[in-house]
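All remarks here apply to the structure that follows.
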Amino acid sequence: RSRMDQSKPLKVRLTFSVILVGVSLLFAAVVTDHWAVLSPRVEEYNATCEAAHFGLWRLCIKRIFMQEQGPKVKGCGPISLPGEHNCSYFKHFTPGQSSEIFEVTTQKEYSISAAAIAIFSIGFAIIGTICVLLSFTKKRDYLLKPASMFYTFAGLCIIISVEVMRQSVKRMIDSEETVWIEYSYSWSFACACASFVLLFICGITLLLIALPRFPQNPWETCMDAEPEH
């Protein structure tokens, strides 16, 4: 039994180190602008075209000079090609800024929803981290249970945000009001998905570690009982 008690702090620390990786990926996903890449149809070569990539807060337009190389590609890009770069915050977050892509009401709703849910995710992750750190310093193991739930909620929130963003991109591509015909998800989107996996799994793992161990043998309960005075 004492061996099990000694291994518990090690398990908590190992789980917490993986959780910190998940939290780092979560922060990276929320603050960066590479969730999705959109490109319009390229009608002629030896001319510039505008591709876009965006995150939860900002839209970046890149003017790329397209030269025909090999088989003809329909879209503008790839976005990694050199070109003039211009980023602006979404109009609904900073009044006065222009972003035509998101002026459709449904797109505004999707964008605001995804951003708000991501903020909830970060809030849950921060509260969970505070709980774990307090459990280390004061030996308050009971804080591990709420911490595990906060991390699980953080994972669920970010995957909901991912799904809202995915629906937003799909609606944009299907809409006749936009010029975008091709899309791809980029590394910020991958960070968000990876953070969900780590936070959700490690949150449940932390809960299982924090739960009291059930006696494996019937007489363990009797042996653990306090002697009568």
Side-chain angles (χ1 to χ4, degrees), residues 1-36 55-58 112-166 185-229:
R1 183 184 175 80
S2 59
R3 195 180 301 164
M4 290 291 292
D5 291 341
Q6 288 170 4
S7 68
K8 184 176 176 179
L10 178 62
K11 290 177 182 177
V12 171
R13 281 178 168 79
L14 285 173
T15 306
F16 184 55
S17 63
V18 179
I19 284 172
L20 288 179
V21 175
V23 173
S24 301
L25 289 171
L26 173 63
F27 273 97
V30 171
V31 301
T32 52
D33 309 315
H34 290 265
W35 281 62
L56 296 171
W57 317 102
R58 293 199 310 172
I112 293 170
S113 299
I117 296 166
I119 289 296
F120 275 115
S121 181
I122 285 181
F124 283 135
I126 290 172
I127 297 169
T129 302
I130 292 169
C131 287
V132 173
L133 293 175
L134 285 174
S135 76
F136 286 156
T137 54
K138 301 289 185 182
K139 295 294 181 185
R140 295 172 177 168
D141 286 352
Y142 60 85
L143 288 173
L144 292 175
K145 292 174 189 173
S148 67
M149 299 308 296
F150 283 127
Y151 285 129
T152 307
F153 292 152
L156 289 172
C157 282
I158 196 61
I159 200 64
I160 292 169
S161 185
V162 163
E163 179 58 24
V164 171
M165 183 65 81
R166 199 179 69 82
Y185 299 109
S186 197
W187 56 269
S188 299
F189 189 88
C191 284
C193 294
S195 70
F196 157 70
V197 173
L198 293 178
L199 290 173
F200 187 78
I201 292 175
C202 290
I204 292 172
T205 304
L206 193 63
L207 179 63
L208 294 174
I209 294 169
L211 288 173
R213 190 175 70 92
F214 292 106
Q216 293 178 345
N217 300 312
W219 54 83
E220 280 189 22
T221 309
C222 300
M223 291 171 68
D224 291 340
E226 292 183 7
E228 294 182 6
H229 296 292

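Position 1 is the first residue of the sequence, and the numbers go up from there. Note that the structure is a prediction, hence the values are computed from the model and not measured.
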Is the positively charged end of Arg166 above the ring of Phe189, judged by distance under 6.0 angstrom from the centroid and angle within 45° of the axis?
no
Atom CG of Leu56 and atom OG of Ser113: how far apart are they, to the nearest 0.5 Å?
11.5 Å
Should Tyr151 and Leu207 count as side-chain neighbours, where that means a heavy-atom distance under 4.5 Å?
no
Counting only N and O atoms by type, is there a donor-acceptor contact under 3.5 Å from the side chain of Ser135 to the main-chain atoms of Val132?
yes
Determine the interplanar angle of the Trp187 and His34 rings, folded into 0 to 90°, and report it as parallel if under 30°, tilted if 30 to 60°, perpendicular if over 60°.
parallel
Nearest-0.5 Å distance, CD1 of residue Ile127 to CE of residue Met149:
13.5 Å
Which heavy atom of Ala118 sits nearest a heavy atom of Ile158, and at what distance?
CB-CD1, 4.3 Å
With a 4.5 Å heavy-atom cut-off, do Arg13 and Pro9 have their side chains touching?
yes
Using a 3.5 Å distance criterion without hydrogens, assess whether the side chain of Ser121 forms a donor-acceptor pair with backbone atoms of Ala154.
yes
With rounding to the nearest 0.5 Å, note down the distance linking OG in Ser188 to CG in Leu25.
11.0 Å
Could you measure the distance from the CD1 atom of Ile201 to the CG atom of Leu206? Nearest 0.5 Å is fine.
13.5 Å
Keeping Tyr142 on the side-chain end and Ala210 on the backbone end, is there a donor-acceptor pair under 3.5 Å?
no
Heavy-atom closest pair, residues Ala29 and Cys191
CB-CB, 4.0 Å
Work out which heavy atom in Leu134 is nearest to a heavy atom in Thr137; give both atom names and the distance.
O-OG1, 3.1 Å
Neighbour count >12 (heavy atoms, 6.0 Å) for atom CZ, Phe120
no
What are the two closest heavy atoms between Trp35 and Gly55, and how far apart are they?
CD1-CA, 3.6 Å
Kindly assign one of parallel, tilted or perpendicular to the pair Phe153 and Phe150, based on the angle between their ring planes and the thresholds 30° and 60°.
perpendicular
Ile204 CD1 to Thr15 OG1 distance, which is reported to the nearest 0.5 Å:
12.5 Å
Under 3.5 Å, side chain of Trp57 to main-chain N/O of Asp33, donor-acceptor pair present?
no
CG of Leu199 to CG of Leu20, rounded to nearest 0.5 Å, is 10.0 Å
Closest approach of Gly155 to Phe196 (non-hydrogen atoms, all atoms of both residues):
O-CD1, 3.0 Å
